[in-house]
Amino acid sequence: MAGKLFSLTAPCFLLSKLLPKRSHQYVSSATNSKFQKLNSLLHNTSPDFSNKTLVFHLETALLKSSSLFPYFMLVAFEAGGLLRALVLFFLYPLLCLVGRNQALKIMVFVSFVGVRKDKFRIGSSVLPKYFLEDVGNESFSLVMSGKRKVAVSDMPRIMVEGFLKHYLGVDAVRGRELKVVSGYFVGLMAANNVNGVVLDDDKMVSDQAVGIGCFSKYSLDHQLFSYCKEIYLVSEADKWNWQILPREKYPKPLIFHDGRLAFRPTPLASRIMFMWLPLGIFIFIIRYIGSTILPIQISHAVNSSTGAKTTISKPKESITKNDTKTGGVLYICNHRTLLDPIFVSYSVMKPVPAVTYSISRFSEVSSPIKIVRLTRDREKDKKLIEQQLCQGDLVVCPEGTTCREPYLLRFSPLFAEMTDEIVPIAIDIQVNMFYGSTASRIKCLDPVFNLLNPFIQCSVKILGKIPSSQTCKAGGKPRIEVANHVQKEIAKALGFESTILTRKDKYKILAGNEGKV
């Protein structure tokens with residue numbers, strides 16, 4: 001009995017030192033039992049919150065990491081550019097010395113000051129990926145079990161609302177509001193209050209709301225927790241033992257995300273990035289000159305020596321074109337980056353022209369292979385592809401846009417009408433620092449960021465030619481059926497999942513437009 005009493009009084013004693021005075025009423029005695037350790041709930045095999053409202057603190061009750069620096073570094077880099085991110089990085093030692101509230105104010109100011117509010121989409125297009133990769137598996141199951149879910153966050157609401165509502169299905173989000181002047185953020189936060197929460201207070205009380213927070217005044221220093229009948233507390237030691245939420249347990253699949261950074265920008269990782277950039281620019285120049293000036297065989301060797309390696313897998317039987325048919329072979333590949341057609345050229349050891357949508361003028365001029373711009377007019381595009389096929393082989397990416405995650409977008413069936421000489425190619429490209437594609441930023445920088453990566457690992461799998469019985473002209477198959485068949489074969493080779501999402505879906509989600517450059 002004495003052991004049980006000590007386990008209750010110890011956390012309460014600690015809370016009495018950490019919580020503000022207005023919260024002392026909750027921890028005045030061990031018998032109150034409003035506060036309990038979260039471990040006691042996690043060890044309960046059947047907690048029933050199906051008729052209750054869960055009020056949880058995002059940073060301490062759901063995310064495994066206790067540092068907010070990576071999220072503000074993402075905002076600074078993506079919304080403000082390299083210089084703003086560098087300023088935030090240099091301020092990191094100061095952030096460690098000042099209190100938590102002051103550090104938060106500094107990060108908010110540096111990351112947001114001067115950013116246009118109507119152009120800010122990072123909260124819904126960039127940050128959800130990094131939040132999902134930081135969710136604790138143990139606490140996630142608990143939070144998702146509530147009938148209603150209310151999230152409380154110390155971060156600005158515009159940073160977390162997209163992730164919480166779109167991916168977790170949270171009913172209400174309470175975060176800090178940012179002050180705006182003439183449509184621009186001024187880098188200051190408004191006073192924190194409970195106004196604006198979607199759920200009615202009376203309904204929350206009648207549902208016997210349950211809170212999940214941390215042994216910290218910052219976690220529970222919010223009026224919403226005063227409505228909770230019970231509050232479960234998690235310690236930093238408990239969070240260290242949490243496992244990251246596996247991808248297959250995501251409530252909603254992460255298919256689209258934007259941004260240039262391909263890593264979680266912790267202070268150490270950010271330091272490595274800034275140290276790499278001077279050398280990276282030199283490597284970029286070598287790769288760019290090698291790709292645009294040297295012959296394809298030599299440029300492939302030059303790129304491999306600088307860390308851009310390509311693994312090529314070919315079918316046992318050689319791909320031979322039917323001599324009775326005119327025109328070249330149509331290579332159909334999935335679209336991971338702007339470099340996909342170049343890697344196809346490396347795999348067949350000859351420059352192969354490509355057709356694409358919405359490529360920047362700089363990328364078109366600087367490409368080592370011929371690039372033909374499509375118009376999105378079906379008849380015009382059909383004639384362009386036919387003209388190129390009459391001149392030789394051609395590469396087509398029927399997805400129409402890149403997809404970073406292990407999914408394939410819907411294949412446009414236009415290519416199926418062009419020829420029966422169709423060869424699917426499965427491409428997967430892994431980078432370790434920068435993404436070479438974007439939906440909402442400057443597209444002419446795509447090849448620059450592609451070639452700035454310390455390492456680029458590309459896997460090219462040339463699949464067997466589609467049998468004539470599975471084509472439109474010789475086999476009499478509908479063009480949509482042929483496109484779906486090719487998509488299925490490429491997805492199977494890569495271990496990806498096929499979807500019916502399109503280019504328009506991606507750009508509406510990430511950029512709020514239809515993807516026209």
With a 3.5 Å distance limit and no angle check, can you tell me whether [X] reaches the backbone of [Y] through a side-chain donor-acceptor pair?
X	Y	answer
Lys239	Leu63	yes
Trp276	Leu452	yes
His335	Thr337	yes
Glu399	Arg503	no
Glu78	Arg121	no
Lys461	Ala493	yes
Asn453	Asn450	yes
Lys64	Gln243	no
Lys506	Thr402	yes
Arg84	Val113	yes

Minimum heavy-atom separation for [X] and [Y], please, with both atom names.
X	Y	answer
Cys333	Asp340	SG-CB, 4.5 Å
Pro406	Arg336	N-NH1, 4.3 Å
Ala483	Phe415	CA-CZ, 3.8 Å
Phe496	Leu408	CD2-CD2, 4.0 Å
Ser270	Phe263	N-CE1, 4.3 Å
Thr438	Tyr507	O-OH, 4.0 Å

For [X], check side chain to side chain donor-acceptor pair (under 3.5 Å) against everything at least two apart and list the hits.
X	answer
Glu59	Ser153
Ser67	none
Asn137	Lys249

Are [X] and [Y] side-chain neighbours, meaning at least one heavy-atom pair lies under 4.5 Å?
X	Y	result
Leu409	Phe256	yes
Cys397	Thr356	no
Phe343	Ile425	no
Met273	Pro265	no
Arg100	Leu68	yes
Leu168	Lys149	no
Phe163	Leu58	yes
Met189	Leu178	yes

Are Phe120 and Phe112 an aromatic pair, judged by ring center distance below 6.0 Å? yes

Step through it carefully: locate the ring centre of Phe131, locate the ring centre of Tyr71, and say whether they are under 6.0 Å apart. yes

Is it true that, when you exclude [X] itself, more than 12 heavy atoms of the residues, nucleotides or ligands shown sit nearer than 6.0 Å to its [atom1]?
X	atom1	result
Leu97	CG	yes
Phe90	CZ	no
Phe274	CZ	yes

Go through it in stages, so that I can follow the logic: the residues are Lys105 and Gln102, the test is side-chain contact (heavy atoms from CB on, under 4.5 Å), and I'd like the CA-CA distance, side-chain angles, deciding distance and then a yes or no. CA-CA 5 Å; Lys105 292 177 181 178; Gln102 289 300 320; 4.0 Å; yes

Examine the side chains of Ser145 and Lys52 and answer whether a donor and an acceptor come within less than 3.5 Å of each other. no

Donor-acceptor side-chain pairing of Gln430 and Asn432 below 3.5 angstrom: no

CD1-OG distance between Ile490 and Ser498, expressed to the nearest 0.5 angstrom: 9.0 Å

Can you say whether the rings of Phe77 and Phe434 are parallel (under 30°), tilted (30 to 60°) or perpendicular (over 60°)? parallel

Out of Val160, Asp154, Ile158, which one pairs with Pro156 under the side-chain contact (heavy atoms from CB on, under 4.5 Å) rule? Ile158

Determine, stepwise, if the pair Leu74 / Ile122 fulfils side-chain contact (heavy atoms from CB on, under 4.5 Å). CA-CA 9 Å; Leu74 285 165; Ile122 296 173; 5.5 Å; no

Under 4.0 Å between a side-chain nitrogen and a carboxylate oxygen: does that hold for [X] and [Y]?
X	Y	result
Lys129	Asp258	no
Arg264	Asp134	yes
Arg247	Glu405	yes

Ser437/Leu338 under side-chain contact (heavy atoms from CB on, under 4.5 Å): CA gap, chis, key distance, verdict: CA-CA 7 Å; Ser437 61; Leu338 193 67; over 6 Å; no

His257 and ring-ring contact (aromatic ring centres under 6.0 Å, His included): which partner among Tyr130, Tyr407, Tyr435? Tyr435

